[in-house]
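Read the structure below first, then the notes.
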Amino acid sequence: MLWSVDQGCGHPPNTFRDDDSAVPRGPKDPVEGFFVYMIPFRNTIPASATLAMNALALQKRALGQRVFNLSAGEPMVVPHPKIVEAAEAALRAGKTLYTPAAGIPELRRAASDWLNKNYTTQFSSEEILITAGGKFGLYALCRTLLGGGDEAIVIAPYWVSYPSLAEMTGARVDTIVTQEQNGWKVTPEQLNKVITQYTKIIFFNNAGNPTGALYSRDEVRALVQIAHEHGVLFVSDEVYSGLTYDGEFTSAGSFPEYRDNVVVIQSCSKHFAMTGWRVGVVAGDKQLIKVLADWQSQSTTGTATISQWAAVAAFENTEVNASVKTEMQSRRNALVDALNQNFKLQLTPPAAGLYVFISMAALGVGETDSIAFCTRVLNEANVAMVPGAPFGAEGYVRLSFGADPTELEAAVQALAKYLKK
Ligand code: PLP
């Protein structure tokens, strides 16, 4: 329930006492004789569905129950020794004070080098902002660029946070729906049709969460070109680029002719299994990065210093991403094999990412309410999955292969056993 407004005994806010100390603001107990005044919430948003399902699973585990977790949005592996060593060294050297708001120069340089080397982009370190995770980069971008009357385009199935990130600024969200039979990919024609004079940004996610869709170079170019023609910012969320197993990843930032209207969102979370370290990257026009850095200086001040030094090591040592990718590829195969065997399916493994996005019909489930289904399966079979509805795809569920292969196989067996009943 929202807070209620109560006038109390009529004292105006910020009344001063005799001794001139300010009366504390906020809720007060009325029997103390002051006033009760409460501030109504101006903005409320739904909690992240993925985090919510994961939290429920962990809660059950804390109660001593055996829970099979297919809901985690992270590669569940121990940090690579290079990351640990760099963090330890930073601690020992006393690198624990504030950093520049845009991030330490060493990390901005390491991130731009990594992007340029792997994805043939041409970002200078001044075109890089280090944030507290890719999510905060997206948040800062939305706060800076969107407001009431603006429109943002999302492509369903979309990462659950895009609509909320745009809506919390007062902007309207326009959704393009893609289909499984088309590989969950948006076409230039679809994009062209939805752009209006009010459109400010397009959220594009390659490789995709939850679908694992991976766009070819020609496909990315065609979409970026449409955005360019309309003067719309193409926000390319590429946080799963380092987990590409089949085919080649193309960054939307790799087309010099369109670089003015592309912003790339990157992160250490998935490539390097550093979700809890909270290191994200925004790569784009120098002026925009400066505005975002100023904005960051008045909000988070930046991300943790130790995490930044650990991230330098992750970007600079190719074996960090290589080890996570190899492990996730084998877990992807384990999950797909288990699903194929237990449900007599012939699934094609997702080309990239961390998830299998599967229809409830393929699991032999007649209903389409994914939230009710996932809640029931978690409560009755202790298998945690994420419903498709918050991704804009009712009738689907997202299964993560971030957990270890034994857990994945046991989870699929438990799911199959429950559904057969
Ligand atoms: N973008 C996508 C598509 C994601 O799936 C996530 C996390 O799950 C993020 C961005 C944000 O990741 P982080 O804030 O951990 O960098």
Side-chain angles (χ1 to χ4, degrees), residues 47-55 69-76 79 83 103 107 111 114-115 128-142 152 154-166 184 186 201-215 234-244 249 251-252 263-283 292 296 299-300 302-304 307-308 310-311 314-315 321 324 328 350-357 386 388 390-393 398-402:
S48 159
T50 47
L51 294 184
M53 203 48 91
N54 196 31
N69 198 349
L70 292 175
S71 70
E74 55 191 336
M76 299 177 95
I83 296 172
L107 181 53
W114 187 85
L115 282 168
I128 298 287
L129 172 74
I130 305 302
T131 55
K135 192 185 266 184
F136 191 79
L138 286 162
Y139 177 79
L141 203 58
C142 289
V154 299
I155 300 156
Y158 41 73
W159 179 46
V160 291
S161 293
Y162 298 143
S164 293
L165 285 165
W184 298 115
V186 66
I201 66 174
I202 297 161
F203 288 104
F204 178 69
N205 183 204
N206 183 36
N209 172 9
T211 65
L214 185 70
Y215 286 75
F234 197 84
V235 179
S236 189
D237 179 342
E238 306 182 352
V239 307
Y240 292 94
S241 61
L243 299 180
T244 298
F249 174 80
S251 171
V263 172
V264 172
I265 301 292
Q266 269 293 355
S267 172
C268 293
S269 287
K270 320 288 172 168
H271 318 317
F272 310 134
M274 289 178 71
T275 46
W277 298 76
R278 310 309 300 135
V279 185
V281 172
V282 182
L292 293 175
Q296 180 153 275
S299 49
T300 61
T303 198
S307 295
Q308 294 195 43
F315 278 119
N321 173 236
V324 179
M328 291 307 123
L354 264 185
Y355 316 102
V356 170
F357 198 56
V386 182
F391 297 97
R398 191 193 79 173
L399 311 181
S400 158
F401 48 85

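For ligands, and for the atoms within them, numbers begin at 1 and follow the listed sequence. Quantities reported herein were computed from a predicted structural model and do not represent experimental measurements.
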Aromatic ring centroids of Trp277 and Phe272 under 6.0 Å?
no

Could I get the full list of side-chain contact (heavy atoms from CB on, under 4.5 Å) partners for Ala166, not counting sequence neighbours?
Leu146, Ala152, Val173, Phe203

Near ligand 1, at a heavy-atom separation below 4.0 Å: residues by chain and residue number
Gly133, Gly134, Lys135, Trp159, Tyr162, Asn205, Asn209, Asp237, Val239, Tyr240, Ser267, Ser269, Lys270, Arg278

The single option from His271, Met328, Lys270 passing side-chain contact (heavy atoms from CB on, under 4.5 Å) against Tyr240:
Lys270

Once the angle between the rings of Phe136 and Tyr139 is folded into 0 to 90°, is it parallel (under 30°), tilted (30 to 60°) or perpendicular (over 60°)?
tilted

How close do Phe249 and Ala207 get, counting heavy atoms only, and between which atoms?
CE1-N, 3.8 Å

Say whether Ser241 and Gln266, considering side chains only, have a donor N or O and an acceptor N or O under 3.5 Å apart.
yes

